[in-house]
Amino acid sequence: MEPLGQYPDPTHVVAHLSDPHLLADSLQYGAIDTAAHLERALTRLGRLPTPPQALIFTGDLADKAEPAAYAKLREIVEPVAAQIGAEVVWVMGNHDDRRAYAQGLFGVDTEAPQDRVHDVAGLRIVALDTSVPHWHHGELSDDQLDWLRDVLAEPAPHGTLLALHHPPIPVPMLRLAELIELHDQPRLAEVLAGTDVRGILGGHFHFTSWSTFAGVPVSVASATCYTSELAPDQRLLSAVDAHQSFTMLHLYDDRVVHSVVPATDGPEVSGYGLEMLEPFLALTPQQRFEMVSHRNSPLNRPD
Ligand SMILES: [Fe+2]
Ligand SMILES: [Fe+2]
């Protein structure tokens with residue numbers, strides 16, 4: 001559709017999902033079918049009016065790092081990505097295992113940090129592995145920071161998104177998560193200073209959050225499996241099978257727009273069918289404006 005307002009179409013559209021926590025053949029906490037929950041999110045993603053050019057999964061891909069869970073992840077995600085023509089960007093999380101992840105997703109036998117660079121129509125997406133084997137907090141080695149510095153030395157045509165699991169921001173809504181945050185964050189800030197990184201994407205929290213880091217916008221996508229209960233009722237820590245979502249990014253030359261998309265359907269209370277589109281597009285720009293903006297238009301006062 002032609003732009004109807006003041007802004008051009010975005011240059012890039014990216015979907016940011018996180019923490020699917022897939023399991024080979026068991027339910028998470030005996031209750032959550034994580035594969036079905038991921039499929040539910042992807043079904044809704046497939047219905048978006050503008051399909052994303054990339055699907056970024058910021059870690060905790062497999063709850064127990066079972067090889068069969070990574071295979072199942074590919075079986076679920078890759079057909080959807082192929083159908084909409086999107087590149088898949090995987091990122092390591094603290095529940096993942098480097099060897100199983102590298103083998104299952106890339107066919108590589110290694111325990112090295114899983115850092116990769118993707119080019120999506122001139123938008124550079126860097127997947128940075130903040131995981132620490134056998135621990136839940138995050139770290140980046142000197143070698144990884146040197147690698148990142150080299151990658152970012154040359155700007156990309158449309159800038160860079162940095163995707164990592166442990167978001168480098170405070171976590172005031174879930175204080176216990178402070179113990180599993182990314183360590184030594186100023187070292188990362190120093191590497192990002194003056195580069196073309198225009199967005200940092202993280203997961204790990206299982207709720208949506210935003211902030212900045214070293215002047216760069218940070219967006220944390222919630223989980224597709226369970227979410228952290230941010231208003232717990234007399235509970236120290238509470239995970240709930242509700243409120244799952246993912247985040248859409250629309251990139252413009254001078255900014256990024258983030259929109260949270262719930263991963264579950266809701267009951268419609270008002271709306272119009274697709275049959276309305278063709279007659280609407282046949283109207284003049286002024287008629288369209290009046291149709292949508294005037295309070296007494298047939299659209300706004302159908303009866
Ligand atoms: Fe997680
Ligand atoms: Fe995590």
Side-chain angles (χ1 to χ4, degrees), residues 15-24 26-38 40-42 55-66 69-70 72-73 76-77 89-98 100-101 104-105 113-115 127-140 144 162-185 188 200-209 211 213 218-230 232 237-247 260 263:
H16 175 198
L17 303 97
S18 202
D19 295 77
H21 283 257
L22 285 200
L23 286 152
S26 55
L27 297 177
Q28 189 181 32
Y29 298 126
I32 293 180
D33 183 341
T34 55
H37 278 27
L38 175 60
R40 182 178 67 179
L42 290 173
L55 309 181
I56 304 179
F57 288 83
T58 46
D60 284 356
L61 308 181
D63 193 56
K64 296 177 179 168
E66 301 154 299
Y70 291 105
K72 190 189 280 190
L73 180 67
I76 294 171
V77 172
V89 177
W90 303 118
V91 181
M92 276 281 297
N94 53 295
H95 279 257
D96 294 301
D97 171 83
R98 282 179 181 157
Y101 171 104
L105 300 179
Q114 295 296 296
D115 304 321
L128 193 62
D129 180 356
T130 52
S131 73
V132 183
H134 312 297
W135 293 84
H136 284 309
H137 71 279
E139 291 178 15
L140 289 166
Q144 285 181 281
L162 178 62
L164 41 68
H165 185 62
H166 298 81
I169 63 172
V171 55
M173 293 296 286
L174 194 63
R175 300 298 304 266
L176 284 179
E178 293 172 359
L179 297 172
I180 54 170
E181 66 183 3
L182 177 66
H183 287 187
D184 298 326
Q185 295 179 16
L188 176 62
I200 299 172
L201 307 181
H204 196 42
F205 294 167
H206 291 225
F207 62 86
T208 306
S209 192
S211 184
F213 179 73
V218 177
S219 176
V220 180
S222 188
T224 60
C225 60
Y226 70 86
T227 67
S228 305
E229 173 58 86
L230 298 182
L237 199 59
S238 178
V240 294
D241 185 7
H243 316 310
Q244 294 90 346
S245 64
F246 56 93
T247 302
V260 175

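Each ligand, and each atom within it, is numbered from 1 in the order the structure gives. Just so it is clear, the values below take in all heavy atoms, side chains as well, and ignore hydrogens, waters and symmetry mates.
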Open item on the list: Strictly distance-based, threshold 3.5 Å: is any side-chain N or O of His137 a donor or acceptor partner for the main-chain N or O of Glu178?
Closed with: no
Task: For His95, the option from His206, His136, His134 that meets ring pair (Phe, Tyr, Trp, His ring centres under 6.0 Å) - done: His136
Open item on the list: Over 60° means perpendicular and under 30° means parallel, so tell me whether Phe205 and Phe207 are parallel, tilted or perpendicular.
Closed with: parallel
- [ ] Enumerate the protein N/O/S atoms at a distance below 2.8 Å from the Fe ion (ligand 1), ignoring waters.
- [x] Asp19 OD2, His21 NE2, Asp60 OD2, His206 NE2
Open item on the list: Checking side-chain polar atoms at under 3.5 Å, does His16 have a donor or acceptor matched by the opposite partner on Thr58?
Closed with: yes
Task: Sidechain-backbone polar pair: Gln244 side chain, Ala223 backbone, donor-acceptor under 3.5 Å - done: no
Open item on the list: Once salt bridge (Lys or Arg N to Asp or Glu O under 4.0 Å) is applied, do any residues pair with Asp19, and if so which ones, sequence neighbours excluded?
Closed with: none
